[in-house]
Amino acid sequence: REEVVTIPVVVHVVHHSPEQDIGQEQIDSQLEVLNADFRRANPDVSKVPQVWRDLVADARLEFRLAETAPDGSPATGVVRVSTDVTGFSTDDRVKFTARGGSDAWPADRYLNIWVCELDDALGYAAFPGGPPELDGIVIRHSAFGTTGTAAAPYDGGRTATHEVGHWLNLRHIWGDDGDGCSGSDFVDDTPNQAGPNHGAPSFPQVSCGNAPHGDMFMNYMDYVEDAAMFMFTKGQAERMDSALAGPRSSFLT
Ligand code: ARG
Ligand code: ZN
Ligand code: CA
């Protein structure tokens, strides 16, 4: 794929307190981060170690708040719902109006992003191929965007970058095998890596015999802090392309 694909986004702000009813500026700041990260236009890409510079990918994806609702009427791309639920978990309750959340917009036409008080994760995502009513990503409001309630060290908007990676079929870079060396992310140009990295590691971090360069911990699909992650690889972009050509082809128009 050569051309840039634009993904229409609906943000469901599900709030129990005024603080959780995040402002438009915070939403816009998240869209800006996605639009930088998926176009290799993030300023911190300059921190990628020299040895991996040629691997950094422009994923050629852009994200825009939906201007049309499912019924064809004009929309802002933001749905605000007040809820009695004080905190959500990764059980998908936030995705259902009848359970105190907000129903998904049609998943073949919109990327659904739910923003709420999420107790047990910074965010989580649905991989391609699941039930449409559960499709999309969920982000804790304090890990969403770069302003407002976004709180360090997760105030770089990278939780959404990571979760959109999953939504386009990317696995964690360490292969989801605990700390083992046999798991794979099914991407050829990422080094084999034992387990997740955290915080802000210094280069290199060697595991699984991947010396001298070690783990690609600055990849969006590791678990480091927002300021420590700043790249997708070409192999990852190819894998996202395959998701867009296959199970998510309804977005290619
Ligand atoms: N799914 C991960 C979680 O357990 C999100 C990790 C995002 N990492 C980040 N630096 N924002 O919450
Ligand atoms: Zn993840
Ligand atoms: Ca591993």
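For the single chain, residues carry numbers from 1 onward in sequence order. In listed order, ligands and their atoms are each counted from 1. Predicted, not measured: the structure shown is a model, and the values here were computed from it.
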> For the residue pair F251 and W167, does the interplanar ring angle fall in the parallel (under 30°), tilted (30 to 60°) or perpendicular (over 60°) class?
Replying inline: perpendicular
> Any idea which N/O/S atom from H172 gets closest to the Zn ion (ligand 2)?
Replying inline: NE2
>> Suppose we only allow N, O or S atoms; which atom of D177 ends up nearest to the Ca ion (ligand 3)?
In response: OD1
>> At less than 3.0 Å, would any N/O/S atom of G178, backbone or side chain, sit next to the Ca ion (ligand 3)?
In response: no
> Atoms of ligand 1 less than 4.0 Å from Y154 heavy atoms?
Replying inline: 9 (C), 10 (N), 11 (N)
>> Show me which atoms of ligand 1 lie under 4.0 Å from any heavy atom of A121.
In response: 12 (O)
> Hey, any chance I137 and M229 share a hydrophobic cluster, counting ILVMFWY side chains that come within less than 4.5 Å of each other, even indirectly?
Replying inline: yes
>> Quick check: of its N, O or S atoms, which one does H162 have closest to the Zn ion (ligand 2)?
In response: NE2
> So, does H162 use its side chain to make a donor-acceptor pair with the main chain of Y220 at under 3.5 Å?
Replying inline: yes
> Counting only heavy atoms not in R53, do more than 12 fall under 6.0 Å of its CZ?
Replying inline: yes
>> Within ligand 1, which atoms have a heavy atom of T159 less than 4.0 Å away?
In response: 7 (C), 9 (C), 11 (N)
>> Between R171 and D177 (salt bridge meaning N to carboxylate O under 4.0 Å), is one present in this structure?
In response: no
>> Starting from atom 1 (N) of ligand 1, what is the nearest protein heavy atom, named by residue and atom, and what distance separates them?
In response: E163 OE2, 2.8 Å
>> For Q236 and N219, which I'm curious about, is there any donor-acceptor pair between the side chains at under 3.5 Å?
In response: yes
> Does any N, O or S atom of G180, backbone or side chain, fall under 3.0 Å from the Ca ion (ligand 3)?
Replying inline: yes
> How about D222 and H172: do any of their side-chain heavy atoms sit closer than 4.5 Å?
Replying inline: no
>> Please list the nearest protein heavy atom to atom 3 (C) of ligand 1 with its residue and the distance rounded to 0.1 Å.
In response: G123 O, 3.7 Å
> Which residue supplies the protein heavy atom nearest to atom 10 (N) of ligand 1, what is that atom called, and how far is it?
Replying inline: V224 O, 2.6 Å
>> Distance alone, cut at 3.5 Å: any donor-acceptor contact between the side chains of S89 and D119?
In response: no
> If we only count N/O pairs under 3.5 Å, is L122 in contact with ligand 1?
Replying inline: yes
> Under 4.5 Å between any side-chain heavy atoms of D120 and F88, yes or no?
Replying inline: no
> Any heavy atom of Y124 sitting closer than 4.0 Å to ligand 1?
Replying inline: no
> Starting from atom 9 (C) of ligand 1, which protein heavy atom do you reach first, and at what distance in Å?
Replying inline: D226 OD1, 3.3 Å
> Considering only protein heavy atoms, which is closest to atom 4 (O) of ligand 1, and at what distance to one decimal place?
Replying inline: Y223 OH, 3.4 Å
> Once rounded to 10°, what is the value of the angle centred on the Ca ion (ligand 3) between Q193 O and W174 O?
Replying inline: 80°
> Taking everything shown except D176 itself, do over 12 heavy atoms lie less than 6.0 Å from its CG?
Replying inline: yes
